[in-house]
Amino acid sequence: MSSSSASSVAAKAVSTSGQYNSRYISKKMSSSPMMMEASAEEESHFALILGKPGGGKGTISGKILKDFPQFHHVSSGDLLRNHVRKETTLGIKAAQYMKEGKLVPDDLMVGLVMDESTQYLEKGESLLLDGFPRTVVQAKALSDSVHIDMVVNLDIPNETIVERLTDRWIHEPSGRIYSYAYKPPKVEGLDDETGEPLVQRHDDKPETVRARLEQYDESTSPLVQYYENNGVLKSFHGTQSDVIYPKVKSWLEKCFDHHQ
Ligand code: AP5
Ligand code: MG
């Protein structure tokens, strides 16, 4: 699905008053084939990766995709940054929130992520969502359309996060993540695959990181309990992705065995 079509759907989800237009969203979702495909296609799995900003969601997602290539990765932050870069209507609106470390409104996010995900879900393919849902409203909207099988919750201390984010560099078009301390690029300042320049994220300034952490505590942390209550969440504690990841991998393998 093209970004412009995602943008138009997300734009349609905003009412003229700027209020959450649940009627449009639920109509769109109930008319989507996702629910049907999810139950008809036994091989497909829906996984989420939850965690604080800078907690390693993108890094761990990359490792999951190598070991479980059946997943398609949809990162809400990468989708937004592509809209911001292309200066779409949605991108211009979202940038205001992102640069202050605030959450982009639920109606825009639900339209954007569900629209991007449809292309995979229509084919009954498996999906790993990173950064979405981020509020209980988003989680409920998602549950109207798909059944979530597995939720990986990364529980990383705040001190580690602030340190890491000052050293993060990304290849913006692909979302590939580097850090000079942890995962340096082969050539300084350049993406390993395309040779294009790496950039730092505007929201990685210390004051914005603090705002993002507060937003996490306020709006996103309740999702841990929400998915725990649904019996699909597993938390992984620690500071090192290389130590955490083998545990994530073995838990996912067990989930796959259980679902077969
Ligand atoms: P988003 O892009 O999703 O950002 P985030 O959740 O704040 O998380 P990050 O991408 O910053 O961190 P990450 O957990 O992926 O960590 P990473 O692997 O990069 O969202 C950005 C903004 O978009 C939000 O603030 C909001 O405004 C908006 N938004 C997005 N989704 C939304 C939604 N659903 N609703 C509303 N608004 C939404 O790792 C971090 C660094 O650590 C990297 O440099 C990495 O190399 C390094 N690292 C990783 N592991 C290790 C290790 N073991 N040792 C050392 N360094 C490590
Ligand atoms: Mg990320």
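Values reported hereafter were calculated over all heavy atoms of this structure, with side chains retained and with hydrogens, waters and symmetry mates removed. Start at 1 with the first residue, then count along the sequence.
- Of all heavy-atom pairs spanning Pro222 and Asp217, the tightest one is CD-O, 4.1 Å.
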Residue pair Arg212, Asp203: steps toward the salt bridge (charged side-chain N to carboxylate O under 4.0 Å, His left out) verdict: CA-CA 9 Å; Arg212 286 161 60 201; Asp203 58 352; 3.8 Å; yes

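- Side chains of Leu252 and Val248 form a contact here, defined as non-hydrogen atoms less than 4.5 Å apart.
- Minimum heavy-atom separation, Ile92 to Glu87: CD1-O, 3.6 Å.
- Counting non-hydrogen atoms of other residues, nucleotides and ligands closer than 6.0 Å to CD of Glu188 gives a total of 12 or fewer.
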Side chain to side chain donor-acceptor pair (under 3.5 Å) assessment of Asp167 paired with Tyr182: CA-CA 9 Å; Asp167 185 39; Tyr182 173 66; over 6 Å; no

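- Rounding to the nearest 0.5 Å gives a distance of 12.0 Å between NZ of Lys249 and NZ of Lys66.
- Taking both residues in full, the closest heavy atoms of Ile177 and Thr59 are given as CD1-N, 3.7 Å, listed atom of the first, atom of the second, then distance.
- For Lys102, the NZ atom counts as loosely surrounded, since its 6.0 Å shell holds 12 or fewer non-hydrogen atoms of other residues, nucleotides or ligands.
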Audit row: Val151, Asn230, side-chain contact (heavy atoms from CB on, under 4.5 Å) steps and yes/no: CA-CA 10 Å; Val151 180; Asn230 291 352; over 6 Å; no

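- A single hydrophobic cluster is not seen to contain both Leu103 and Met109; linkage of ILVMFWY side chains at heavy-atom distances under 4.5 Å, directly or through other members, places them apart.
- Closest approach of Leu165 to Gly54, counting heavy atoms only: CD2-CA, 3.7 Å.
- Put simply, the side chain of Met98 does not reach to within 4.5 Å of the side chain of His202, judged on heavy atoms.
- Put simply, the side chain of Thr166 gets close to the backbone of Glu163: a donor and an acceptor are under 3.5 Å apart.
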CA sep, side-chain torsions, deciding dist, call: Asp155, Ser235, side chain to side chain donor-acceptor pair (under 3.5 Å): CA-CA 7 Å; Asp155 184 13; Ser235 291; 5.9 Å; no

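- Among Val232, Leu121, Leu142, the one residue that satisfies the side-chain contact (heavy atoms from CB on, under 4.5 Å) test with Phe46 is Leu121.
- Using a 4.5 Å cut-off on side-chain heavy atoms (C-beta onward), Val209 and Pro53 make no contact.
- A donor-acceptor pair under 3.5 Å is formed between the side chain of Ser61 and the backbone N or O of Lys57.
- Across Ala139 and Leu223, no two heavy atoms sit closer than the pair CB-CD2, 3.7 Å.
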Stepwise side-chain contact (heavy atoms from CB on, under 4.5 Å) check, Phe236 with Val152: CA-CA 7 Å; Phe236 298 89; Val152 171; 3.9 Å; yes

Test log, rule side-chain contact (heavy atoms from CB on, under 4.5 Å), inputs Leu198 and Leu190: CA-CA 5 Å; Leu198 301 177; Leu190 301 180; 5.5 Å; no

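- Both Tyr216 and Leu48 are part of a single hydrophobic cluster, where members link through side-chain heavy atoms under 4.5 Å apart.
- Once rounded to the nearest 0.5 Å, the distance linking CG of Leu80 with OH of Tyr97 reads 12.0 Å.
- Here NZ of Lys99 is found 10.5 Å from OG1 of Thr208. Values are rounded to the nearest 0.5 Å.
- Note on ring orientation: taking the six-membered ring where Trp is involved, the planes of Tyr180 and Trp169 are perpendicular (angle over 60°, cut-offs 30° and 60°).
- Using a distance-only test at 3.5 Å, with no hydrogens or angles considered, a donor-acceptor pair links the side chain of Lys52 to the main chain of Ile156.
- Between Pro184 and Tyr178 the shortest side-chain heavy-atom distance does not fall below 4.5 Å.
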Stepwise salt bridge (charged side-chain N to carboxylate O under 4.0 Å, His left out) check, Asp257 with Lys254: CA-CA 5 Å; Asp257 287 349; Lys254 275 191 209 136; over 6 Å; no

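- Considering OG of Ser219 and CG of Asp106, their distance stands at 8.5 Å, rounded to 0.5 Å.
- Between the Asp191 side chain and the His171 main chain, no donor and acceptor come within less than 3.5 Å of each other.
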Test log, rule side chain to side chain donor-acceptor pair (under 3.5 Å), inputs Glu122 and Thr118: CA-CA 6 Å; Glu122 278 179 348; Thr118 303; 5.7 Å; no

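- The heavy-atom pair separating Pro173 from Glu196 by the smallest distance is CG-OE1, 4.1 Å.
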side-chain contact (heavy atoms from CB on, under 4.5 Å) between Arg176 and Asp192, intermediate numbers included: CA-CA 9 Å; Arg176 275 187 287 278; Asp192 288 353; 5.9 Å; no

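- In this structure the side chain of Tyr120 never reaches within 4.5 angstrom of the side chain of Ser44, judged on heavy atoms.
- Between the side chains of Asp67 and Tyr245, at least one donor-acceptor pair of N or O atoms lies under 3.5 Å.
- Relative orientation of the Phe256 and Phe68 rings is parallel, given thresholds of 30° and 60° on the angle between their planes.
- Atom NZ of Lys63 is surrounded by more than 12 heavy atoms from other residues, nucleotides or ligands within 6.0 Å.
- Atoms CG and CG, on Leu90 and Leu108 in that order, are 5.5 Å from each other to the nearest 0.5 Å.
- Between atom NZ of residue Lys234 and atom CD of residue Glu228 there is a gap of 10.5 Å, rounded to the nearest 0.5 Å.
- Formation of a donor-acceptor pair under 3.5 Å by the Arg134 side chain with backbone atoms of Gly131 is found in this model.
- By the rule that hydrophobic residues join a cluster once side-chain heavy atoms approach within less than 4.5 Å of another member, Leu65 and Ile60 end up as members of one cluster.
- Connection of Val74 to Ile170 is not established within any shared hydrophobic cluster, with ILVMFWY side chains joined at heavy-atom distances below 4.5 Å, either directly or through further cluster members.
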